[in-house]
Amino acid sequence: MRVRDWGAGAVAVLAGLVVLVGCREAPPDAAGGTAAAASPVRPTGYGAVFLDVGECSSFGRTSFTEVSCASERAAARVTARHDGTARDGPPCPPTTDFVLHISERWPAADEDGDGMVPRGRACMRNLQPPHPGDPGGGGGPRTVVGDCVYALDGGKVRETACGGSGPRRPEFKVTKAVDARSACPASTALYVRLGGTSPVGCAVPV
């Protein structure tokens, strides 16, 4: 039995656009002076943090913007938000469909006027099917129990849809997640890196 080593799902790397936020000028008071400055006006669904948890992004993978989740332009919702790079924080939830990497400067149009959109990652879940991050879905940034993979050169693997709808037919299916290879059942033909608290995936031929 030939056992190949680690593999992981692909991560979409994208650059974010920032929603313009306006402030209304305060009206003169009865004495002819100026009233206290009004708070910034933000459309419903937007917050102080660009693409915060529970907020939504528009369609598009090469460019995107934050939109109200009730908008017809809304495509996916943020399920988790982490500052910094992928090495700086915890992984996205297992059923994440894709990840938006936010790292662009927009001097005139950021959430707090300092000319910088904080670098980070937004873990996204599509508002409507398909959900490639679901077990067997053939995509998403993480490989999970129930996913299928095919072997590449160099002992690597790549995820594909278990139903055969992907560009390559599945060769192995991850049936169990364990702490170490020794805990995999005897039927295991492939070990797949999953990450998390049980980082080893035990995969069998399909």
Side-chain angles (χ1 to χ4, degrees), residues 1-16 51 53 55-64 69 73-82 85-87 89-102 120-179 181 183-185 187-206:
M1 176 181 69
R2 184 180 181 185
V3 177
R4 295 178 181 268
D5 208 343
W6 310 112
V11 178
V13 179
L14 302 171
L51 286 179
V53 174
E55 295 173 346
C56 293
S57 72
S58 63
F59 291 90
R61 296 295 180 89
T62 57
S63 64
F64 58 91
C69 291
R73 297 177 58 215
R77 188 186 306 272
V78 182
T79 58
R81 179 73 152 79
H82 306 299
T85 65
R87 301 188 196 92
C92 284
T95 56
T96 298
D97 288 329
F98 62 97
V99 177
L100 297 181
H101 290 261
I102 303 161
R121 296 174 294 128
C123 308
M124 309 300 295
R125 174 83 173 170
N126 293 331
L127 294 180
Q128 301 293 334
H131 294 291
D134 284 351
R142 296 183 59 182
T143 302
V144 298
V145 172
D147 278 340
C148 293
V149 298
Y150 61 90
L152 298 172
D153 293 337
K156 297 180 179 180
V157 298
R158 181 165 294 172
E159 191 176 331
T160 189
C162 289
S165 60
R168 291 281 298 271
R169 295 191 61 81
E171 297 177 355
F172 304 92
K173 184 173 184 176
V174 180
T175 59
K176 191 175 182 180
V178 296
D179 295 336
R181 294 185 181 190
C184 283
S187 58
T188 300
L190 184 79
Y191 302 111
V192 180
R193 182 171 60 190
L194 304 181
T197 56
S198 299
V200 180
C202 314
V204 298
V206 295

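Position 1 is the first residue of the sequence, and the numbers go up from there.
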Nearest atoms (heavy-atom pairs only) where [X] meets [Y]:
X	Y	result
Val200	Cys184	CG1-SG, 4.3 Å
Ala74	Phe59	O-CE1, 3.8 Å
Glu159	Gly140	OE1-O, 4.4 Å
Val144	Val174	O-CB, 4.0 Å
Val206	Phe172	CG2-N, 3.8 Å
Val53	Thr79	CG1-O, 4.1 Å

(message) Going by side chain to side chain contact (heavy atoms under 4.5 Å, CB included), name the residues that satisfy it together with Cys148, two or more places apart in sequence or in a different chain.
(response) Cys162, Pro170, Lys173
(request) Could you pull out all residues at least two apart from Ser165 that satisfy side chain to side chain contact (heavy atoms under 4.5 Å, CB included)? (result) Ala161
Below 4.5 Å, heavy atoms only, C-beta onward: do [X] and [Y] meet side chain to side chain?
X	Y	result
Phe64	Leu51	yes
Ser198	Asp179	yes
Pro132	Asn126	yes

(message) I need the His82 NE2 to Cys92 SG distance, nearest 0.5 Å.
(response) 5.5 Å
(request) Drop me the distance from Arg158's CZ to Glu171's CD, to the nearest 0.5 angstrom. (result) 12.5 Å
(message) Name the residue from Ile102, Val99, Leu100, Thr96 that meets the side chain to side chain contact (heavy atoms under 4.5 Å, CB included) definition with Arg121.
(response) Val99
(message) Using only atom types and a distance under 3.5 Å, with no angle test, would you say the side chain of Asp97 pairs donor to acceptor with the backbone of Met124?
(response) no
(request) Please check if the side chain of Thr160 supplies one atom and the backbone of Arg168 the other of a donor-acceptor pair under 3.5 Å. (result) yes
(request) For residues 197-206, pull every pair meeting salt bridge (Lys or Arg N to Asp or Glu O under 4.0 Å), keeping only residues two or more places apart or in separate chains. (result) none
(message) Tell me whether Asp134 is salt-bridged to Arg125, with the criterion being a basic N under 4.0 Å from an acidic carboxylate O.
(response) yes
